[in-house]
Amino acid sequence: MSAVGTPAALTAVFVRLKLSLLRNGLRQSGGRRAAYIASAVVVLLFAALQLLGLIALRGSGHVESLVVLLVAVLGLGWAVMPLFFPGGDETLDPTRLVMLPLRPRPLVRALLVSSLVGIGPLFTLCLLAGCVIAVAHGGAAFAVGALAVPSALLVCVALARAVAAANVRLLTSRKGRDLAVLSGLVIAVGAQVVNFGAQRLGSSGLEQLDPAADVLRWFPPASAVAAVHAADEGAYGVALAQLALTAAALAGLLALWSRSLTRLMTSPDGSTLQAAGDTVVRDRTSTGLSRLLPPGRTGTAVERSLRYIRRDPKTKAAWVTSLAIGLIVPVFNAWQGTGSVYFACFAAGMLGIMMYNQFGQDTSAFWMVAMTISSARDAYVELRARALALLLVTLPYSALVTVLTAAVLGDWTRLPEALGLSFALLGAMLATGAWTSARFPYSIPQEGHKNVAPGQVGLAWISIFGGMVAAAVLCVPVIALTIWLNITAGGDDWLWLLLPVGTAYGTALTLLGLRLAAPQTARRLPEILTAVSKG
């Protein structure tokens, strides 16, 4: 350790280590190298376009509010990045350094500097530079900007490192891997929020950002960019206070990071201590839900399906994403005044997709289910139980979203017909989903973010999109009845009938779909088992 006895030498070693990790990772395969280069080009191109866009906004009204919000969102991204992408950087796990004789303070300094190597810090640097150029006009503002850019960058990096160190036990556990799979939810919900926000800005202008920016300008790292604008307006005291606030946040994050490192390197973990749960006998044979379910195969299959939703990362991610998007699209559109109560059918459609590829979520474990199916009757009971498990969530959820959409719009008169259409669509998707699950099964890989095994993409497209088209066609009678009652004189008095009609029609479609899918399932068990076991 004499070669790295000084803090500067230790920092240089960690920078070389980071570069070696990047270089060796790219040498593993040509595909990984191509993916890294392609992603780097896309990120840098996006950073360059953002930089040019911010420069083009220089001198525009309310641009200071825009840059403050941009930096605040950037800081939030750095904070959540370690939670959702813990495997993206091997150096995020400080437990790899536990056996080395390193003190926390020099280690924090070395890790902080080495963390500045990468595409993410370069993208952040470009964005921060563009924000400063957009709001700075005088020499004093650019002087403050020269301090604000590195301060904000260090706050972002230190925030990510402090969060990773504080949650490293979670991130390296099974629950942490489950959390990483749920990153798709954050991306999907974030895309919807950005979409609606962009629509409001396009119609109302940047002045809509002023109230939020007035608050966020006092929160690091946004306070660093706000200090540039304050200096540009001659408010040097405010600029100094905002820079001091950024520096204080950086010092606090470094102290928190150092404390987490000390605890990680000096305290034992689960590998050295006997788990307390080993000495406690828990009765897991019965739960409140199992007592409410019917006995026999139906209750067992329903509880198994619900446990998949709670415990399997891929199934959990799909459900949470569908629940979130199914609520956001109709309610946000209604809130903006551009939606309709019929948009609530989107929630039923999102959850109805969960019926497709029912056996694929079992992967290779499906053989245990297949061993219990010896006739079309067994297959019917199995499919009926899986549909029942879906209905336990989808029925109340679809009703809730429809009621919320009607409440936001104030259109209570169309609530019965919207509920009837939702229930009819849900029944059609359960019917087609049961049939395509037996006819076009495919495997879902357990590792990574892929939802379809290689070579089975065509099956997935046929199963999901073909089934959705068939479900839409099956709903034509209810849709036609809705249109006819709305355009017929006096038809408004009978619109309430669409609720019982849609419910009965959806129920009939579900039972018919299960009856037709059961013989297919029993006859094609070997093909289904082979298809779902490929991942």
Side-chain angles (χ1 to χ4, degrees), residues 7 11 47 50-51 53-55 57-81 105 108-117 120-163 206 209-259:
T11 301
Q50 276 199 326
L51 177 61
L54 289 169
I55 295 175
L57 289 174
R58 178 180 169 85
S60 301
H62 306 281
V63 67
E64 65 279 358
S65 298
L66 175 64
V67 299
V68 166
L69 282 174
L70 278 177
V71 177
V73 172
L74 184 68
L76 178 63
W78 275 94
V80 302
M81 179 186 66
R105 285 190 178 181
V108 165
R109 187 182 301 110
L111 287 174
L112 181 63
V113 175
S114 63
S115 298
L116 298 175
V117 178
L122 182 58
F123 172 81
T124 304
L125 181 63
C126 293
L127 182 61
L128 291 173
C131 290
V132 169
I133 296 174
V135 297
H137 297 87
F142 277 105
V144 173
L147 297 175
V149 170
S151 299
L153 177 61
L154 290 175
V155 166
C156 290
V157 175
L159 180 60
R161 285 291 184 171
V163 170
L206 294 178
L209 303 177
D210 289 345
D214 290 339
V215 176
L216 293 175
R217 67 178 69 252
W218 294 100
F219 288 87
S223 57
V225 176
V228 179
H229 176 65
D232 189 65
E233 293 187 334
Y236 300 114
V238 174
L240 182 62
Q242 290 171 331
L243 280 178
L245 186 61
T246 306
L250 177 59
L253 288 171
L254 292 178
L256 177 63
W257 185 10
S258 178
R259 182 178 178 181

Contact check, side chains of [X] and [Y], non-hydrogen atoms, under 4.5 Å:
X      : Y      : value
Leu54  : Leu70  : yes
Arg109 : Thr11  : yes
Arg58  : Val63  : no
Leu116 : Leu154 : yes

So which heavy atom on [X] is nearest to which on [Y], and how close?
X      : Y      : value
Ala47  : Cys126 : CB-CB, 4.0 Å
Leu159 : Gly75  : CD2-O, 3.4 Å
Gln242 : Ala230 : OE1-CB, 3.9 Å
Ala231 : Ala239 : N-CB, 3.9 Å
Ala249 : Pro220 : CB-CG, 3.5 Å
Thr246 : Ala152 : CG2-N, 4.5 Å

In this structure, are over 12 heavy atoms from other groups packed under 6.0 Å from Phe219 atom CZ?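 It does not: Phe219 CZ has 12 such atoms or fewer within range.
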
Sorted by chain and number, sequence neighbours left out, side chain to side chain contact (heavy atoms under 4.5 Å, CB included) with Glu64 holds for Val135, His229

Nearest 0.5 Å, please: how far is [atom2] in [Y] from [atom1] in [X]?
X      : Y      : atom1 : atom2 : result
Leu250 : Leu245 : CG    : CG    : 11.5 Å
Leu254 : Leu111 : CG    : CG    : 11.0 Å
Trp78  : Leu153 : CH2   : CG    : 7.0 Å
Trp257 : Leu112 : CH2   : CG    : 5.0 Å
Ser114 : Arg161 : OG    : CZ    : 5.5 Å
Ser258 : Leu253 : OG    : CG    : 12.5 Å

Salt bridge (Lys or Arg N to Asp or Glu O under 4.0 Å): which pairs involve residues 216-239, sequence neighbours left out?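 Passing the test, one end in residues 216-239: Asp214-Arg217.
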
So, the side chain of Thr124 versus the backbone of Gly120: is there a donor-acceptor pair under 3.5 Å, distance only? yes

